[in-house]
Amino acid sequence: YESAWVPAPVVAIIGATGAWKSFTQTVLTRLFGDREARVIQAMSGSTTFNGDWAEACHLIIEDDFADLATSARQKIKETVKAVAVNSSHRIHPKGAQAFSIKPFWRLSISCNPNQESLAVLPEIDDSVRHKIALLWPRRCNSPMPTDSPRDRKAFWDQIESELPAMVHEMLNAGAVPEHLRDHEGRCATNAYHHPLAMEAVSALSPDGQMLSVILEVLETPEPTQSGTESKLPWIGTASKLLRELEDHNRAGRHTVRSLGRLLSRLADTHRARVRRAGEDRHSKVGEYQILGDPELDMQPTPGAEMDQPW
């Protein structure tokens, strides 16, 4: 709106059907002048042509499926990083010479919380962590009837009538609060990561797969005085966890040191599952707490079955 591009995190919206993901992307497209491009093919390497990107302000991936191959996810990661912080981009229309432009782009991605859909997202490592926000919207009812085409048009007309006021509010919100700033200094705001969204994305990484092994071991029923029960929630050090894994022949090549590093990373990327326990006065330094299933808040709300309520 000020004709000046600034770096900003890519926005990924992860949620079940009825969480209004596609609706949110439609509102963003309207705010960006009704110009959008579907970009999954070029981002994942299925094609080298991206001429339609030059005509858009809003780049969209919407509940698309990507090849799970490492090369495809790596290309997606590099494009996410480039769109977030680079001002100049290469455009290659089909049958024409490639050229560079300085566009006004924002990229949004929506996907369901399952492995096939989440494959469109890059592995969240230090190189991309501050360049993509991970949102986890809840399901909710439509504030207006959306049963008929007339109802849906009335609903969308109401949304459009309120967009100018929303834009005015955002443009005049003042300075970004300190706790929301990007301390790396590249973007105006930090990239927010909802704990459950971060866990869902990270489950595809080697760390996430090892966490699945750890949870499987700790969830194995153990005999107790009252019967059998799992060890979750579990608390202990890397050394104690290594013994647990060795007792079930699941330690692989891990050592106390490698498990300690793993738990430290998981406490950052899987905060809904793994927490540092050292701050508790009853806990020892180097102890971690591993929890069972978090509440995913994915049960449908009556009347919220549609992903595109307009």
Side-chain angles (χ1 to χ4, degrees), residues 1-3 5 8-41 43 52-65 83 103-114 116-118 120-121 132-174 176 180 188-189 191-192 194 196-197 200 295-310:
Y1 287 92
E2 296 178 349
S3 298
W5 178 87
V10 169
V11 175
I13 309 169
I14 305 169
T17 300
W20 298 63
K21 306 183 300 294
S22 295
F23 173 81
T24 301
Q25 290 180 294
T26 299
V27 170
L28 291 175
T29 294
R30 188 70 182 97
L31 291 174
F32 298 152
D34 280 332
R35 293 184 295 167
E36 66 179 35
R38 306 286 165 154
V39 298
I40 184 59
Q41 287 187 313
M43 282 187 64
D52 56 328
W53 294 27
E55 303 173 6
C57 288
H58 188 198
L59 308 182
I60 288 183
I61 296 177
E62 182 184 354
D63 287 328
D64 292 311
F65 296 95
V83 171
F104 291 88
W105 279 348
R106 290 292 181 251
L107 169 61
S108 72
I109 304 170
S110 66
C111 55
N112 293 319
N114 57 59
E116 293 79 10
S117 187
L118 288 169
V120 302
L121 296 174
I132 183 168
L134 304 176
L135 310 184
W136 187 273
R138 296 184 178 184
R139 295 178 175 182
C140 63
N141 293 319
S142 171
M144 293 174 60
T146 56
D147 297 326
S148 68
R150 178 176 296 179
D151 288 339
R152 296 185 182 197
K153 184 179 184 305
F155 174 64
W156 181 247
D157 288 345
Q158 182 64 36
I159 293 294
E160 283 202 310
S161 71
E162 298 180 13
L163 290 182
M166 186 181 76
V167 171
H168 175 81
E169 179 71 19
M170 290 189 294
L171 293 178
N172 294 277
V176 177
L180 296 179
T189 60
Y192 171 74
H194 190 284
L196 295 182
E295 295 184 5
L296 298 183
D297 189 25
M298 289 170 55
Q299 296 303 313
T301 301
E305 289 78 10
M306 293 182 298
D307 203 23
Q308 300 187 37
W310 62 95

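Positions are given from 1 along the sequence. Heavy-atom basis, side chains included; hydrogens, waters and symmetry copies ignored.
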Residue pair [X] / [Y]: nearest heavy atoms and the distance that separates them:
| X | Y | value |
| --- | --- | --- |
| Pro137 | Lys21 | CG-CG, 4.4 Å |
| Trp5 | Val83 | CZ2-O, 4.1 Å |
| Ala191 | Ile132 | CB-O, 3.3 Å |
| Ser142 | Phe155 | OG-CE1, 4.1 Å |

Is it the case that the side chain of [X] and the backbone of [Y] share a donor-acceptor pair, with hydrogens and angles ignored and the cut-off at 3.5 Å?
| X | Y | value |
| --- | --- | --- |
| Trp20 | Cys140 | yes |
| Gln25 | Ile61 | yes |
| Arg106 | His58 | no |

> Between atom CG of Asp34 and atom OG1 of Thr29, what is the distance when rounded to the nearest 0.5 Å?
Replying inline: 7.5 Å

>> The criterion is side-chain contact (heavy atoms from CB on, under 4.5 Å); which residues satisfy it with Leu180, sequence neighbours excluded?
In response: Val176, Pro177

> With sequence neighbours left out, what residues match Ala37 under side-chain contact (heavy atoms from CB on, under 4.5 Å)?
Replying inline: Val39, Asp52, Trp53, Ala56, Leu59

Check whether any side-chain heavy atom of [X] lies under 4.5 Å from a side-chain heavy atom of [Y], and answer yes or no.
| X | Y | result |
| --- | --- | --- |
| Trp156 | Phe23 | yes |
| Trp136 | Pro113 | yes |
| Met43 | Leu107 | yes |

> What pairs with Asp151 under salt bridge (Lys or Arg N to Asp or Glu O under 4.0 Å), at least two apart in sequence or on another chain?
Replying inline: none

> Residues in salt bridge (Lys or Arg N to Asp or Glu O under 4.0 Å) with Arg35, at least two apart?
Replying inline: none

>> Applying side chain to side chain donor-acceptor pair (under 3.5 Å), can you list everything that pairs with Gln41, at least two apart in sequence or on another chain?
In response: none

Distance-only donor-acceptor pairs under 3.5 Å for side chains of residues 161-169, two or more places apart:
{"from": "Ser161", "atom 1": "OG", "to": "Gln158", "atom 2": "O", "distance (Å)": "2.6"}
{"from": "Glu162", "atom 1": "OE2", "to": "Gln158", "atom 2": "NE2", "distance (Å)": "2.7"}
{"from": "His168", "atom 1": "ND1", "to": "Asn172", "atom 2": "ND2", "distance (Å)": "3.2"}

